[in-house]
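Order of appearance sets the numbers: ligands from 1, and atoms from 1 within every ligand. Along the sequence shown, residues carry numbers from 1.
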Amino acid sequence: MIDLTDDTWWRTAVIYQIYPRSFADSNGDGIGDLPGITRRLDHVASLGADAIWLSPFYPSPQRDGGYDVADYRNVDPQFGTLEDFDALVARAHELALRVVVDLVPNHASADHVAFQAALAAEPGSAERGLFHFCDGLGEFGELPPNDWQSMFEGSAWTRVTEIDGTPGQWYLHLFDETQPDWNWDAPGVRVDFETTLRFWLDRGVDGFRVDVCDALIKAPGLPSWPYPTHGVVQPIEGRTPPMWDQEGIHEIFRDWRAILDSYEGSRILCAEAWLPPERTARIVRPDEMHQAFNFAYLEQLWDADAIAETIVSSLAANDAVGAPTTWVLSNHDVMRHASRFGYDGPVALEHGVGVDDPQPDRPLGLRRARAATLLMLALPGSAYLYQGEELGLPEVTDLPDEARQDPVWARSHQQIRGRDGCRVPFPWDDSTSSNGFSSVAATDTWLPTPSYYAEFSAAAQGLQLESTLSLYRSTLAVRRSADLQGSALEWDSMPNSGTIAFSRGDTHVVTNVAGEPVPLPSDATILVASDPEVRATRLIARDTTVWFTTI
Ligand code: NOJ
Ligand code: CA
């Protein structure tokens, strides 16, 4: 069971992200679901994680993988029922796994009753006031109210047809046109989200990962911003983008924190905000959120200096507010790190890869991914893992284009493939053509399941001592037992350029990113090594991380 008296669990927690559509299908419709997850929670517990984070499973037309929520306080029938959710939480808690769910407060689905009511109501009505409805520019209002662009390409505005059939107002959507942005200046929106928080807290959840939480408040007057935003948001010409990181977001987070704090145990908020470390840190001040993903770290290339600098700046920014740093290398929005590191040079994180694009070097990517993971798990703070990274899964780069579901593919007029390649069903074993994910054929799972994923299956890797799965298990076990968590990071002198070296208490960590092989000290006892060869050679070669002690 989880320990409700432990109010610091989240400071060091390893939290495993589950993408419900792709984890395990219990009823043979080719789509993962809540009962499927419940049955497979042993895998997460035996990995050594402390919690799971579930991407959205709420009623939704699934235009953006469920990040288009039509009803915030229910379960989509394709994923199960509220009773299935309760059973999942009960089983997780039994296994000492906490449960974090996704809160999507920036936008609803266009199918949400409030948006349907807004469409049916008059301009200027209270119903429209819950969203950002504006008159268009131009003689006939035929131009969008401003020049903002959608994160998924194209304008961030869509024009509606009024009930009398005439072309009418426009509404704002920072994402797909089926995801209208809520107007957080409307008190009704705030009240409704507080009800949603309480609904899930009452059901026993241990926290919320908060989707694009830095976009809730828009600058007054919605001033011009003609630039697209991708990745970590930076001011341009000294201006903060008017849709990100506005001061008003903090008051909302403080209200939510007070609600969470009124519940038994330590329930947490984790910010999804693509901001630089010093801005992210403001979200985790003591009375706001507990954690915020460190996307500046995720964005770093396999470059020792860049990685070390980001570690230093992230720790400094978070130390200044007394918050832990929250590391992450993969999630459902970015190319899997086992593929990302298989390129030399930058990759567009969210753009996906097609068969005709340059392909990652798979062995190199996996070798570096194992090293990168061991480095991340040695850093002070919390870490998020994304389902499948413990198997070293590569991005699927040969999805047929007609199978693609990411809305960016259509909105970009088939220029940007998007994020489907990291969302492919999880390979459990080789018992069916869809690798134990579902009883249906590989071609009938919601995204087709590639046959080569079978070689990465959890069942196969569980039996191999040197598999990536075994490496994750042993590393997480050492992370727990070695007194890493209690000790701050101390930089050790770098053995040579291209390496990163530090200690946590008695544990030394060396990552050789691009340097000459580093000999292990003669008295070193290896705790974990991303490359098993190190045990024989006693050399830390390129693309390798080793944890060791010398006592
Ligand atoms: C971030 C989510 O992780 C992503 O999947 C989604 O498309 C956008 N926010 C919009 O909700
Ligand atoms: Ca199913």
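Within Asp29, the N/O/S atom positioned nearest the Ca ion (ligand 2) carries the name OD1. Taking the Ca ion (ligand 2) as reference, the nearest N/O/S atom within Asp25 carries the name OD1. Per residue Asp33, closest N, O or S atom to the Ca ion (ligand 2): atom name OD2.
The nearest N, O or S atom of Asn27 is closer to the Ca ion (ligand 2) than 3.0 Å. Here Ile31 meets the criterion, with an N, O or S atom under 3.0 Å of the Ca ion (ligand 2).
The atoms of ligand 1 that sit less than 4.0 Å from any heavy atom of His107 are 10 (C), 11 (O). Each of the atoms 8 (C), 10 (C) of ligand 1 lies under 4.0 Å from some heavy atom of Phe175. Heavy-atom contacts of Phe152 reach the following atoms of ligand 1: 7 (O) (cutoff under 4.0 Å). Proximity to Arg419 (heavy-atom distance under 4.0 Å) selects the following atoms of ligand 1: 4 (C), 5 (O), 6 (C), 7 (O).
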Stepwise salt bridge (charged side-chain N to carboxylate O under 4.0 Å, His left out) check, Arg209 with Asp211:
CA-CA 6 Å; Arg209 171 269 189 192; Asp211 192 63; 2.8 Å; yes
Could you please spell out the steps behind the side-chain hydrogen bond (donor to acceptor under 3.5 Å, both in side chains) verdict for Ser314 and Asn294?
CA-CA 8 Å; Ser314 306; Asn294 186 337; 2.9 Å; yes
side-chain hydrogen bond (donor to acceptor under 3.5 Å, both in side chains) assessment of His337 paired with Thr373
CA-CA 9 Å; His337 68 281; Thr373 298; 3.0 Å; yes
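Within the 4.0 Å heavy-atom criterion, neither part of Glu350 lies near ligand 1. At a 4.0 Å heavy-atom cut-off, ligand 1 does not touch Met151 at all. The side chain of Arg423, and not its backbone, has at least one atom closer than 4.0 Å to an atom of ligand 1 (non-hydrogen atoms only; side chain from C-beta on).
For His43 and Phe426, the ring centers sit closer than 6.0 Å to each other. Taking the six-membered ring where the residue is Trp, the centroids of Phe57 and Phe85 are separated by under 6.0 Å.
Across Val212, Asn331, Asp64, Asp333, heavy-atom proximity to atom 10 (C) of ligand 1 is greatest for Asp64. The closest non-hydrogen atom to atom 1 (C) of ligand 1, taken over Asp211, Asp406, Val69, comes from Asp211.
In this pair, Trp10 and His290 present their aromatic rings perpendicular. The plane angle is above 60°, beyond the 30 to 60° band. Taking the six-membered ring for Trp and thresholds of 30 and 60 degrees, Trp157 and Trp148 have ring planes inclined between 30 and 60 degrees apart. Between Trp274 and Phe295, the angle of the ring planes stays under 30°, which puts this pair in the parallel group of the 30/60° scheme.
For CZ of Arg285, the number of neighbouring non-hydrogen atoms (other residues, nucleotides, ligands) closer than 6.0 Å is greater than 12.
Salt bridge present: Lys218 and Asp181 bring a charged side-chain N and a carboxylate O closer than 4.0 Å.
Under a 4.0 Å heavy-atom criterion, Gln17 is not in contact with ligand 1.
Not one N or O of Gln179 is nearer than 3.5 Å to an N or O of ligand 1, by distance alone.
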